[in-house]
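Below is one structure, written out as structure tokens; the observations come after it.
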Amino acid sequence: SSLTPSTAYTYKFTGSPSKELSDINQMIRQGGV
Amino acid sequence: AQECQDLEAERQRRLERIKHKRSQLQELILQQIAFKNLVQRNRQAEQQNKRPPPANTVIHLPFIIVNTSKRTVIDCSISNDKFEYLFNFDNMFEIHDDVEVLKRMGMAFGLELGRCSVEQLKIAKTLVPQALQPYVTEMAQGAINQLI
Amino acid sequence: QEVLEEVELLKANIADLEIQERELNMQKACLQQSIKHLNEDPSSCRYSYVTHEDICDAFGGDTLLAVMAPSGTQLEVPVPEMGHNGQKKYQVNLRSHSAPIQVMLINRE
């Protein structure tokens, strides 16, 4: 069942800086806080 | 005095913008060096082995890596045309892009960490336009801004 | 008199910074163009790959998904929420507009 995301982090292949993935990883580590 | 204050604020704003743009330029320099180094490595390996690696062991750029523990249960839904994937994980994961992977593989000669041997610095400088070589030297000396 | 001198000094400094910034913009545009050509040049594109051993050497995790997708593919990660069974569910959506996405499962063991 797909989650109804309150917010979602996005990243674009070859278009976004690696930092956006670091932000996603940090959000996941913090359990979405 | 008021004009002086405004100009000082303007100067700070420009300094901040220049610092950010230098970091972005450094990141692009690392990308170019890592990419060219990877291409050279694979070309030499194929010439030595006289064949490319098996197709099912090769991951072409651009790619990302999703890294999780072996206990994670992954549920995956794929659209018929394979243009859309939905992954559900019951555990945490990490995502890294190909630039990060190439750095971890040492393809940027450790420039991102400010650790680069003299020999490697020579090779790295040949992989960028002459005008940008001072940035490579700076990074080798550990001056890379970690702003990004 | 002192403040007037300071103003002149700041104006000269800002003019220098403007030249520096313009130079950086130009160098960045040149490099982006160069990287784009590298990615599109068939002779280098053919060798722009890593192997599963490279990935296993680079990461500690035991289960690795290598997702190969065309430039511009959108990745979306919703903030994890509690699933029905009280367990956190983590999700990754991938959407391509130009070519199919390929996923390789690399199981270290």
Side-chain angles (χ1 to χ4, degrees), chain B residues 1 3-4 7-8 10-11 14-15 17-18 21-22 24-25 28-29 31-32 35-36 38-39 42-43 46 53 56-70 72 74 76 81-96 98 101-102 104-105 128-129 131-132, chain C residues 3 6-7 10-11 13-14 17-18 20-21 24-25 27-28 30-32 34-35 38-39 44 47-55 57-71 75 77 83 87-97 99-104 107-109:
Chain B
E3 188 182 0
C4 211
L7 286 169
E8 181 53 36
E10 169 66 11
R11 190 175 82 94
R14 285 176 184 269
L15 283 170
R17 270 207 317 262
I18 284 173
K21 288 183 176 178
R22 282 172 71 87
Q24 285 179 323
L25 187 67
L28 285 170
I29 289 171
Q31 272 185 47
Q32 168 135 327
F35 185 90
K36 283 190 169 181
L38 176 75
V39 167
N42 290 338
R43 187 178 280 126
E46 290 198 17
N56 68 344
T57 68
V58 158
I59 297 139
H60 264 281
L61 275 67
F63 65 83
I64 59 163
I65 294 294
V66 183
N67 174 20
T68 185
S69 112
K70 63 183 163 195
T72 303
I74 304 174
C76 175
D81 60 6
K82 291 198 175 176
F83 275 50
E84 207 158 336
Y85 280 66
L86 170 62
F87 291 99
N88 278 302
F89 298 74
D90 69 351
N91 202 339
M92 289 194 282
F93 56 76
E94 277 188 348
I95 307 179
H96 301 277
D98 40 30
V101 173
L102 295 188
R104 287 182 181 219
M105 289 166 58
V128 298
L132 299 178
Chain C
V3 172
E6 177 73 6
V7 163
L10 281 168
K11 280 180 181 172
N13 195 316
I14 285 172
L17 293 177
E18 182 148 10
Q20 258 189 63
E21 190 168 0
L24 278 169
N25 290 338
Q27 288 173 335
K28 198 177 140 194
C30 279
L31 203 45
Q32 278 167 330
S34 164
I35 290 173
L38 276 172
N39 284 323
S44 56
Y47 296 104
S48 63
Y49 61 79
V50 298
T51 64
H52 66 296
E53 282 114 346
D54 291 325
I55 299 297
D57 293 345
F59 289 96
D62 301 302
T63 299
L64 299 157
L65 291 177
V67 180
M68 291 155 272
S71 298
L75 173 134
V77 177
Q87 201 172 12
K88 270 223 165 113
K89 286 179 79 69
Y90 301 86
Q91 198 172 75
V92 174
N93 299 324
L94 287 158
R95 196 169 297 118
S96 162
H97 300 288
I101 298 168
Q102 295 175 52
V103 178
M104 180 193 283
N107 191 326
R108 181 184 301 280
E109 287 167 350

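A note on names: the letters A, B, ... follow the listed sequences, proteins ahead of strands, and every chain is numbered from 1. As a basis for the values below, the full set of heavy atoms in this structure was taken, side chains included, without hydrogen atoms, waters or symmetry mates.
- The main-chain N or O of I101(C) is found under 3.5 Å from a side-chain atom of Y85(B) such that the two form a donor-acceptor pair.
- The salt bridge (Lys or Arg N to Asp or Glu O under 4.0 Å) search around K82(B) returns none, not counting sequence neighbours.
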Evaluate side-chain hydrogen bond (donor to acceptor under 3.5 Å, both in side chains) for N107(C) paired with K70(B), printing each intermediate quantity in order.
CA-CA 8 Å; N107(C) 191 326; K70(B) 63 183 163 195; over 6 Å; no
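- With a 4.5 Å cut-off on side-chain heavy atoms, Q32(C) and L28(B) count as touching.
- Looking only at heavy-atom pairs under 4.5 Å with chain B, the residue among A69(C), S71(C), S48(C) that has the most is S48(C).
- Both the backbone and the side chain of I64(B) come within less than 4.5 Å of a heavy atom of chain C.
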Could you walk me through whether N25(C) and K21(B) pass the side-chain contact (heavy atoms from CB on, under 4.5 Å) test, one step at a time?
CA-CA 8 Å; N25(C) 290 338; K21(B) 288 183 176 178; 2.9 Å; yes
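- Contact of E53(C) with chain B is not made at all, since no heavy-atom distance falls under 4.5 Å.
- Between M104(C) and F63(B) the shortest side-chain heavy-atom distance does not fall below 4.5 Å.
- Looking only at distances, no side-chain donor or acceptor of R14(B) sits under 3.5 Å from a matching main-chain atom of L17(C).
- Ranked by heavy-atom pairs under 4.5 Å with chain B, the list K11(C), E21(C), E18(C) is led by E21(C).
- Of the inter-residue distances, the one linking I65(B) atom CD1 with I55(C) atom CD1 reads 3.5 Å to the nearest 0.5 angstrom.
- Ring planes of F59(C) and H96(B): tilted class, angle from 30 to 60°.
- Per-residue counts of heavy-atom pairs under 4.5 Å with chain B were compared for V3(C), N13(C), L38(C); the largest is that of L38(C).
- If you measure heavy-atom distances from V77(C) to chain B, the contacts under 4.5 Å come from the side chain alone.
- The choice from R43(B), E10(B), M105(B) that makes the most heavy-atom pairs within less than 4.5 Å of chain C is R43(B).
- Distance CG/N91(B) to OG1/T63(C): 10.0 Å, rounded to 0.5 Å.
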Please walk me through it: do V50(C) and L102(B) pass side-chain contact (heavy atoms from CB on, under 4.5 Å)?
CA-CA 8 Å; V50(C) 298; L102(B) 295 188; 3.8 Å; yes
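- Taking CZ of R17(B) as the start and CD of Q20(C) as the end, the distance is 12.0 Å to the nearest 0.5 Å.
- With chain C as the partner, the residue from V58(B), V101(B), I29(B) showing the most heavy-atom pairs under 4.5 Å is V58(B).
- Heavy atoms closer than 4.5 Å to chain C are found nowhere in E94(B), neither backbone nor side chain.
- Within the 3.5 Å criterion, the main-chain N or O of Y49(C) finds a donor-acceptor partner in the side chain of N42(B).
- Across V66(B), D90(B), I59(B), the residue that shares the most heavy-atom pairs under 4.5 angstrom with chain C is I59(B).
- Scanning all heavy atoms of the two residues, the minimum distance from A131(B) to Q27(C) falls at O-NE2, 4.0 Å.
- Contact of N93(C) with chain B is made through backbone and side chain together, with heavy-atom distances under 4.5 Å.
- Heavy atoms of D98(B) lying under 4.5 Å from chain C are absent altogether.
- Inter-residue side-chain proximity for L65(C) and T68(B) is flagged as unmet; no heavy-atom pair is nearer than 4.5 Å.
- The residue among K28(C), Q102(C), M68(C), E6(C) with the most heavy atom pairs within less than 4.5 Å of chain B is M68(C).
- To the nearest 0.5 Å, atoms CD (E84(B)) and NE2 (H97(C)) are separated by 8.5 Å.
- Qualifying salt bridge (Lys or Arg N to Asp or Glu O under 4.0 Å) partners for E8(B), counting only residues two or more places apart in sequence or in other chains: R11(B).
- Rounded to the nearest 0.5 angstrom, L25(B) CG and L24(C) CG are separated by 6.0 Å.
- For A66(C), the parts lying near chain B are the backbone and the side chain together; criterion is any non-hydrogen pair under 4.5 Å.
- Between the CG atom in L86(B) and the CD atom in Q91(C) there is a gap of 4.5 Å [rounded to 0.5 Å].
- No part of T72(B) comes within reach of chain C, as not one of its non-hydrogen atoms sits under 4.5 angstrom from that chain.
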